[in-house]
Number of protein chains: 2
Amino acid sequence: MPRAGLDPAAVVAAGAALADEMGFGALTMGGLADRVGVRTPSLYKHVAGQEDLVRRIAALALEEAAQAVGTAIQGLSGRDALAAAAHAFRAYVLTHPGRYAATIGIEATGPDDSMAVAASRALDSFRAVLRGYDLPATDEDHALRTLRSALHGYATLQSAQGFRWSADVDESFEWLVDLLDRGLRGSAAPR
Amino acid sequence: MPRAGLDPAAVVAAGAALADEMGFGALTMGGLADRVGVRTPSLYKHVAGQEDLVRRIAALALEEAAQAVGTAIQGLSGRDALAAAAHAFRAYVLTHPGRYAATIGIEATGPDDSMAVAASRALDSFRAVLRGYDLPATDEDHALRTLRSALHGYATLQSAQGFRWSADVDESFEWLVDLLDRGLRGSAAPR
DNA sequence: ACCGGTTGGCTAATACCCTTAGCCTTCAGC
DNA sequence: GCTGAAGGCTAAGGGTATTAGCCAACCGGT
């Protein structure tokens with residue numbers, strides 16, 4: 001029996017792809033084994049178990065999302081940076097719904113966890129956006145959470161078909177970005 | 001063997017309570033059967049299966065959330081109504097994390113689905129909040145989605161322990177409400 | 001009071017799914 | 001070429017959702 005030439009990264013990548021295609025709920029060890037051409041127990045040579053797999057997929061997703069947002073805001077600031085970050089983030093979640101879903105409901109085991117590292121890299125990108133709005137230092141964490149909540153909420157609701165009625169989804173998203181921009185500008189430190 | 005006196009509503013209520021206590025992921029047919037004092041297969045006399053159970057729990061959660069928001073905003077308008085709605089919603093999600101978690105990742109089967117009905121009732125409550133901000137009619141759907149995204153995002157992230165770092169969660173939420181209020185006021189129709 | 005049908009329990013059995021144990025082949029380095 | 005680790009495999013066990021089929025309990029009318 002020839003070897004399949006797998007390694008952890010390949011298994012995780014295949015799992016992420018499978019989750020995107022079939023939905024995160026349909027991600028199964030058996031299905032993943034089929035996809036990479038191996039019997040189920042063999043996966044355990046590369047990954048400690050399903051929870052570990054999900055954790056790694058989540059780390060990958062956060063890494064990729066941070067990357068997407070980071071490059072999108074290059075050279076931009078203020079409203080432009082905000083809009084670019086928001087669009088990049090939403091586009092990432094919509095094209096990779098399965099792997100992004102892996103990130104919710106997972107807790108990092110510690111501060112050196114690869115997921116925690118990826119998450120803080122993602123936050124750094126958004127922090128860069130906020131730098132264009134000179135907020136009081138004490139407001140930065142609040143603004144970060146607000147930004148993350150709004151974008152996360154919109155992207156997950158849309159990807160779960162949560163917006164069933166009339167108005168155009170892209171138009172609504174522009175409106176959301178506008179509101180965030182106005183809100184952030186209104187919070188600027190008095191000078 | 002005496003009867004347990006169950007009906008669908010009792011099963012769903014017990015399932016929702018179990019999900020709140022143990023976490024949505026730990027909601028299992030066997031565990032629910034234990035809790036209501038019955039063997040697992042008997043549940044199928046009241047509920048079509050696990051998916052049906054989850055769907056009904058989700059509908060219940062949306063119904064209750066709509067109710068909570070609706071009564072919270074009675075007699076209020078503008079910023080007060082917004083703050084009351086936001087607090088009521090977040091409080092509901094935080095006290096009932098399990099049943100609210102049932103609402104994510106579920107699609108309504110059709111417009112007459114009980115979940116869809118409950119969802120639109122919840123939206124009506126938020127629509128009432130927006131009426132205090134006289135927005136242009138075309139912006140109402142956008143504002144509704146924005147509101148829902150921000151509140152849903154914040155509540156789910158917090159309930160999933162998504163906010164790990166320093167700043168106070170309640171303070172951040174106030175900040176979010178402030179930003180929404182400012183943003184909405186800035187979108188009022190010119191007169 | 002009975003009696004028949006429906007309702008709501010039950011046991012048994014099936015089909016997945018995740019995981020562990022233990023074996024055996026392949027491959028890389030010496 | 002040998003040897004040891006790495007990466008496949010089969011077999012087996014435990015958990016979960018679900019279905020089939022049986023039987024007792026309840027409710028109505030007579």
Side-chain angles (χ1 to χ4, degrees), chain A residues 1-60 98-99 101-102 104-107 109, chain B residues 1-60 98-99 101-107 109 115:
Chain A
M1 58 198 89
R3 298 237 173 150
L6 290 180
D7 59 33
V11 170
V12 170
L18 190 57
D20 287 341
E21 288 167 25
M22 319 269 276
F24 178 69
L27 174 61
T28 181
M29 296 299 270
L32 178 53
D34 274 359
R35 164 175 287 240
V36 299
V38 115
R39 301 306 190 109
T40 309
S42 304
L43 294 178
Y44 290 76
K45 295 291 166 117
H46 305 289
V47 154
Q50 198 173 35
E51 188 191 319
D52 180 43
L53 172 68
V54 170
R55 201 176 284 283
R56 286 174 193 243
I57 291 177
L60 173 66
R99 69 240 267 163
I104 47 193
I106 292 290
E107 276 188 60
T109 57
Chain B
M1 58 200 84
R3 298 240 174 150
L6 289 180
D7 59 32
V11 170
V12 169
L18 190 58
D20 287 341
E21 288 167 26
M22 318 271 276
F24 178 68
L27 174 61
T28 181
M29 297 299 271
L32 177 53
D34 274 359
R35 164 174 286 237
V36 299
V38 114
R39 302 306 188 106
T40 309
S42 304
L43 294 178
Y44 290 77
K45 294 292 165 103
H46 305 290
V47 154
Q50 198 173 34
E51 188 191 319
D52 181 42
L53 173 68
V54 170
R55 201 175 285 281
R56 286 173 193 243
I57 292 176
L60 173 66
R99 70 240 267 160
T103 65
I104 49 193
I106 292 290
E107 276 188 60
T109 57
M115 241 194 51

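Residue numbering restarts at 1 for every chain, and letters A, B, ... go by the order of the sequence lines.
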Asks: Would a 4.5 Å heavy-atom cut-off, applied to side chains only, mark A:Leu53 and A:Leu43 as touching?
Replies: no
Asks: A:Gly37 near the nucleic acid: base, sugar-phosphate alone, or nothing, with a heavy-atom cut-off under 4.0 Å?
Replies: nothing
Asks: For D:dG8, take OP1 and OP2 only and decide whether either is under 4.0 Å from a side-chain N or O of A:Arg39.
Replies: no
Asks: Rounded to whole Å, please give me the gap between CE in B:Met29 and P in C:dC16.
Replies: 18 Å
Asks: Measuring from the side chain of B:His46 (C-beta onward, heavy atoms only), which nucleotide among D:dC9, C:dA12, C:dG8 has the closest atom?
Replies: C:dG8
Asks: For the side chain of A:Val38, starting at C-beta, report the closest nucleotide among D:dC22, D:dT19, D:dC9.
Replies: D:dC9
Asks: Closest heavy-atom contact between A:Val36 and A:Leu6?
Replies: CG2-CD1, 3.9 Å
Asks: Roughly how many Å is it from CG in A:Leu6 to P in C:dC27, rounded to a whole number?
Replies: 14 Å
Asks: Return the value, rounded to whole Å, for the distance between atom CG of A:Leu43 and atom C1' of D:dA6.
Replies: 15 Å
Asks: Which pair of heavy atoms, one from A:His46 and one from A:Asp7, lies closest together, and at what distance?
Replies: ND1-CA, 3.8 Å
Asks: Using every non-hydrogen atom in the two residues, find where B:Ala102 and B:Ile57 come nearest and quote the distance to one decimal.
Replies: CB-CG2, 3.9 Å
Asks: Please give, in whole Å, the distance from C:dC27 C1' to A:Asp7 CG?
Replies: 16 Å
Asks: To the nearest Å, how far apart are A:Lys45 NZ and C:dC23 P?
Replies: 12 Å
Asks: A:Thr28 near the nucleic acid: base, sugar-phosphate alone, or nothing, with a heavy-atom cut-off under 4.0 Å?
Replies: sugar-phosphate
Asks: Could you check which of D:dC22, D:dA20, D:dC9 has an atom nearest any side-chain atom of B:Pro41?
Replies: D:dA20
Asks: In whole Å, I'd like the distance from the CG atom of B:Asp34 to the P atom of C:dG9.
Replies: 15 Å
Asks: A:Leu32 has an atom CG; how far is it from atom P of D:dG8, in whole Å?
Replies: 12 Å
Asks: Might you point out which heavy atoms bring A:Gln50 and A:Leu27 nearest each other, and give the distance in Å?
Replies: NE2-O, 3.6 Å
Asks: Mapping B:Gln50 and A:Ser42 to their closest nucleotides on DNA chain D, which lands nearer the 5' end?
Replies: A:Ser42
